[in-house]
Amino acid sequence: MLKGFCDTLKERLGLQLLEYDIEEHANSIKYSLGGMSISAFSVLVISGIVLAQFYIPDPERANNSLHYLTDQVYLGWFLRGIHFWSAEVMTVTVTLHVIRVFFTASYKNPREVNWLIGIGLMVMIVTLMFTGTVIKWDQEAYEALAHFTWVAEKMGIFGLPLTEQFAQGVPLLNRIYMAHISLLPIITILMIGLHLFYVKYHKLSPLPDAENPEGGKVIDFTNHMAYLRRAGAGVFALICFLALVISPPLGNQPVLGLEVTKPPWQFVWIYALENLWVPSLIIVPPLIVMFFAAVPFVDQSKERRWRKRPIAMAALVFTIVMFAGLIIWGKVTTMTHSM
Amino acid sequence: MNPGKTVLICIGLLLLLHPATLLAHAGEEHDASQDKAMQDPLVADSIYSAGDEASPLDMDDPLGSPLSRSALDIDDEPMDAGMPMMDGMDHKGMEGMDHDESMQTVELAHHELVSPPQKGYNLAVAITLLSGLVYGVMILKKPGE
């Protein structure tokens with residue numbers, strides 16, 4: 001009887017469409033990093049919805065409302081920790097996912113478009129992290145916003161929609177909060193859907209060393225979903241553990257005009273570059289996006305084995321070392337300029 | 001475990017537990033006395049100051065914080081007004097903030113260890129244990145795989 005009910009439900013919901021073959025290597029950590037990122041993102045969305053019930057997007061009250069949440073609301077500190085650590089975990093899984101895709105040359109023909117969508121998703125994630133940093137409205141947040149508005153103003157007419165002048169009388173914090181909880185998540189979710197659609201359409205990229213890319217062992221996709229559920233449970237357990245042990249930083253209301261903090265580690269590399277040359281703030285981010293976007297169009301060879309791609313591997317190592325070096329440098333260096 | 005998986009796990013741990021994740025954040029430590037000095041006008045105007053429940057800013061805690069957290073690092077020296085000023089910064093949209101410019105003292109905020117007195121700490125422990133337990137069972141049983 002139960003089986004009959006499940007079969008009927010499956011038929012009515014069209015779940016039999018999920019019963020298609022995919023390659024067996026899908027059930028591995030390195031080919032499930034995207035799925036883990038989606039798990040972390042899901043936790044972010046759910047915890048963010050609850051957090052939003054306690055947040056007041058007003059420059060006078062925003063910071064106090066967060067202190068109230070963490071100090072007075074039952075489990076409020078844990079909820080905020082889960083939101084924060086979900087973002088941290090997602091940063092790591094997304095970074096590893098991008099490294100894996102590059103390492104296995106999964107961006108190559110016919111998956112160029114999905115690589116570009118992935119780059120777009122990275123930009124969205126960085127933007128979500130930035131806006132999330134700003135809306136807690138402490139000293140770090142204020143300084144992040146100060147840098148942002150400086151860049152927006154330098155961009156002239158193109159930066160106008162991102163400045164206070166665009167909607168005078170409306171605090172920028174309100175608009176950034178709106179972007180953080182609605183505009184950016186909606187765009188991100190749509191892009192994730194598109195990303196998954198093209199994974200399905202072009203199929204999971206074969207193993208680089210596979211002798212016959214089309215003839216490997218296959219498993220049912222529902223089996224892969226079960227694997228991803230398990231991975232997602234692990235991600236959630238890790239997030240809970242981190243939230244339980246380490247609370248995210250939260251300062252008090254900012255002191256306007258001061259520049260004394262450093263950004264979160266995801267952004268501290270650009271702090272190092274800014275120290276070298278202030279216009280880096282404007283020039284470097286789009287250059288990096290263009291560099292990543294150009295990858296599948298510059299590297300058009302059919303070769304997918306990493307040993308046969310010395311230039312690509314050198315570029316990968318250089319990029320990782322450069323970012324790691326800049327993050328460490330940004331951490332230890334002291335500010336040598338003021339805006 | 002194959003080398004690729006090992007490398008991925010190592011990079012993951014490195015990124016997640018990099019010192020910068022613990023030290024790069026900054027801002028102010030939540031200090032009750034400073035809160036009072038800087039934010040009394042705000043508290044008086046806040047919905048959180050209404051009612052019988054004490055404001056978090058008014059709680060009298062010998063450790064200086066209603067959370068009684070212990071610091072993970074020592075990078076919390078006050079940064080004073082001698083620090084660089086953002087002279088070119090436009091404060092539009094931030095005028096509503098009633099700050100006393102003579103009290104420009106900032107203490108760096110940082111990650112802190114969570115301590116048991118937090119509200120709902122036991123439930124948080126239970127949720128974490130349960131999530132770990134579910135994951136453990138899924139590893140052993142591998143349902144659906």
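Throughout, a chain's letter reflects where its sequence line sits, starting with A, and its residues are numbered from 1.
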**Report entry** Interatomic distance, B/Q118 atom CD to A/D71 atom CG [nearest 0.5 angstrom]
**Finding:** 8.0 Å

Query - Nearest-0.5 Å distance that lies between atom NE2 in B/H111 and atom CG in A/L242 - result: 10.0 Å

Given that the side chain runs from C-beta out, which part of [X] has a heavy atom under 4.5 Å from chain B: side chain, backbone, both or neither?
X      : value
A/A243 : backbone
A/Y227 : both
A/V73  : backbone

**Report entry** Partner residues of A/S37 under the side-chain contact (heavy atoms from CB on, under 4.5 Å) criterion, sequence neighbours left out
**Finding:** A/M90, A/T93, A/V94

Listing, residues 121-143 of chain B side-chain donor-acceptor contacts under 3.5 Å, not counting sequence neighbours, or none:
from: B/T128; atom 1: OG1; to: B/A124; atom 2: O; distance (Å): 2.8
from: B/S131; atom 1: OG; to: B/I127; atom 2: O; distance (Å): 3.3
from: B/S131; atom 1: OG; to: B/T128; atom 2: O; distance (Å): 2.7

Query raised in the report: Does a sphere of radius 6.0 Å around CZ in A/F241 hold more than 12 heavy atoms from other residues, nucleotides or ligands, not counting ones at 6.0 Å or beyond?
Result: no

Requested in this report: Verify the neighbour count for atom CZ of A/F166: are there more than 12 heavy atoms of other residues, nucleotides or ligands below 6.0 Å?
Outcome: no

Query raised in the report: Does the A/S247 side chain pair with the main chain of B/V114, one donor and one acceptor, at a distance under 3.5 Å?
Result: no

**Report entry** Taking every non-hydrogen atom, the tightest pair across B/E145 and A/N223
**Finding:** C-ND2, 3.3 Å

Query - Min side-chain heavy-atom separation B/L113-A/V245 under 4.5 Å - result: yes

